[in-house]
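Everything below concerns the one structure shown next.
The figures that follow rest on heavy atoms only: side chains count, while hydrogens, waters and symmetry mates do not.
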Amino acid sequence: MHVTPTHPRALTRPSIATGRLFIGGRWRDAADGRLMSTVDPADGSEATRVAWGTPADVDAAVAAARQAFDNGPWPRMPGHERARVLYRLADLIERDTEELALRETVDMGKPIAFARQEDGPFVSMVYRYFAGIASQLSGATRSTATPTFTYTLREPVGTVAAITPFNYPLILSTAKIAPALAAGNTVVHKPAETTPLSALKIAELSAEAGLPEGVLNVVTGPGPELGQRLVADPAVDIIAFTGSTGVGRAIIRSAADTLKRLQMELGGKSADIIFADAYLDQAVQHAFFGIFYNKGEICTAGSRLLVERPIYEEVTARLTRMAADLLPGDPLDPGTVFGPLAHRGQYTRVQEYVEIGLREGAELLAGGSPYHPEGLEDGFYYLPTIFGNVANSMRIAQEEIFGPVLAVIPFDTEQEAVEIANASQYGLASGVHTSDVKRAHRMARALRAGTCWINTYNQFDPAIPFGGYKASGFGRDFGPETMESFTQTKSVWVDLTE
């Protein structure tokens, strides 16, 4: 069901009719027929309505996935046959990149230029990468001290519940679904309730690609209720989750009752470190977009910027000038590089943390207030915000804000930088900017984070594993390492005695 908004901007917005769930290879209404609105964060209007799934719908989706795993062809296909379907899905994603990009923009405010150039092409690349992995999964023969022939089998785990967040709806769901499918698992996908539109399109394309019925199911609706239903269901074998550390902890506790396997990519408060010997133009550019890309709604955001004291004033002055020039705008405008926050809850959260920073005594250098573009006054826009002279003990330096708020912290020595960076419950990512190659490698080893970027920031590739230390979770997305989450090993012994 599509609802036409009243704002003139709707003339450039895609028509999206997605009021159903995808279960067992078919589109169906929610069990009670209810719909929920999705809100366009650019102007606060209703974009469309999607099905308000219920626990009964989750049960139906899990049953379909379980049937497809226990009795269907997908887990039993040779890897190269699964690869053929995934390659076809990658081609279809490439074909429909424009529609996927529009859905991402309308759903969560990502500037259309980035959604077109980065998200769609990256997702098709991920499916192609894991299609290649599908044909390479194999066991091994092992020698023993007994007269036996022994070997191992790599087998799929079973039914996967993929629970994904609002900030990168398309990419972060693909990070779970593509390797799960490549290994021969079946999937129930629960996208964030505020950003479900690309997930429904991927379900449509998966059917067109030839994915058997029940292998991929999508249930939209309220996150806590439906997520808990998936976590509690004994027919679900693994929870693959990306989201906040608080929700992750709750999932871990609940999953213990059914001994589920877990893959958890959780929060971050990443330290990006600039030394005085850095290539300064490059370092400042990376630091700026390390926090303000995607409006700061990225788990790896370099939200703690550590700057060596001799260059502190110059770096903060440059960042402040850049922030003054970066005004939010309509994400459907190809010239926009900084859009609205994804939903009202995030908008309110950012406002609250800016007030906390001011009360804590941090120095406000830039931003610090909402922004109202002409004609889009009801959108969720917030200016790029920079706090200077932040103490690492402040809440704005310790708690994940998940928005365009940068805390700049001065330091004096390399050891002090390491201590500040590691003094956090999180350990998702880090950055180091220096011209000293020995220091770069020392820092990479010393920082307690799952990724360390040297003289760059926020680089990703399907072949490179991504995940966290400490409260940032466990397990890895991307790379062959992620297949450890979605496969299990069976040992086979054959007696050879006469």
Side-chain angles (χ1 to χ4, degrees), residues 79 83 86 90 118-119 121-138 154 156-157 160 162-165 167-168 170-185 187 238-243 245 248 251-252 261-272 290 293-294 298-302 421-422 424 426-432 440-441 443-489:
L86 296 179
E118 298 176 9
D119 293 42
F122 185 80
V123 164
S124 62
M125 188 192 313
V126 172
Y127 273 103
R128 289 193 175 98
Y129 176 81
F130 285 107
I133 292 283
S135 60
Q136 299 174 32
L137 292 173
S138 61
R154 289 282 295 278
V157 174
V160 177
I163 303 175
T164 57
N167 61 315
Y168 275 83
L170 184 57
I171 289 177
L172 293 179
S173 61
T174 299
K176 311 297 186 188
I177 295 170
L181 295 180
N185 299 286
V187 177
I238 173 173
I239 302 292
F241 174 76
T242 294
T245 295
I251 289 174
I252 292 168
R261 185 179 292 203
L262 298 170
Q263 186 210 47
M264 312 295 285
E265 197 261 277
L266 305 178
K269 194 69 180 178
S270 300
D272 196 9
Y293 181 75
N294 205 45
I298 177 170
C299 52
T300 58
N422 288 341
S424 169
Y426 298 108
L428 190 58
S430 59
V432 176
H441 288 292
M443 293 295 294
R445 290 172 182 268
L447 295 173
R448 296 277 297 156
T451 293
C452 183
W453 288 291
I454 306 294
N455 294 328
T456 186
Y457 207 85
N458 273 340
Q459 298 285 326
F460 300 94
D461 189 277
I464 306 301
F466 171 75
Y469 287 14
K470 301 188 287 185
S472 291
F474 46 83
R476 292 294 179 265
D477 289 332
F478 306 131
E481 288 81 1
T482 195
M483 302 312 289
E484 294 299 321
S485 295
F486 297 108
T487 61
Q488 52 194 350
T489 302

Which atom of [X] lies closest to which atom of [Y], heavy atoms considered:
X: Ala90; Y: Arg128; answer: CB-CG, 3.5 Å
X: Ala182; Y: Ala134; answer: O-CB, 3.5 Å
X: Ala463; Y: Pro480; answer: O-CD, 4.0 Å
X: Thr300; Y: Tyr457; answer: O-OH, 2.7 Å
X: Ala131; Y: Ala83; answer: O-CB, 3.2 Å

Check: [Y] main-chain N/O paired with [X] side-chain donor or acceptor under 3.5 Å:
X: Ser173; Y: Leu170; result: yes
X: Asn185; Y: Phe486; result: yes
X: Ser472; Y: Leu428; result: yes
X: Ser430; Y: Thr451; result: yes
X: Thr245; Y: Ala471; result: yes
X: Asn422; Y: Leu447; result: no
X: Gln263; Y: Arg476; result: yes
X: Trp453; Y: Val432; result: no
X: Lys470; Y: Ser424; result: yes

Flag for Asp477-Thr482: side-chain donor and acceptor within less than 3.5 Å: no
Taking the side chain as every heavy atom from C-beta outward, state whether [X] and [Y] have any atom pair closer than 4.5 Å.
X: Glu265; Y: Cys299; value: yes
X: Lys176; Y: Val160; value: no
X: Ile238; Y: Leu262; value: no

Full working for ring-ring contact (aromatic ring centres under 6.0 Å, His included) between Phe474 and Phe241: CA-CA 10 Å; Phe474 46 83; Phe241 174 76; over 10 Å; no
Within the 6.0 Å centroid threshold, strictly below: Phe460 and Phe478: no
Among Phe130, Tyr127, Tyr129, the one residue meeting side chain to side chain contact (heavy atoms under 4.5 Å, CB included) with Pro179: Phe130
Test log, rule side-chain hydrogen bond (donor to acceptor under 3.5 Å, both in side chains), inputs Thr487 and Arg154: CA-CA 6 Å; Thr487 61; Arg154 289 282 295 278; 3.1 Å; yes
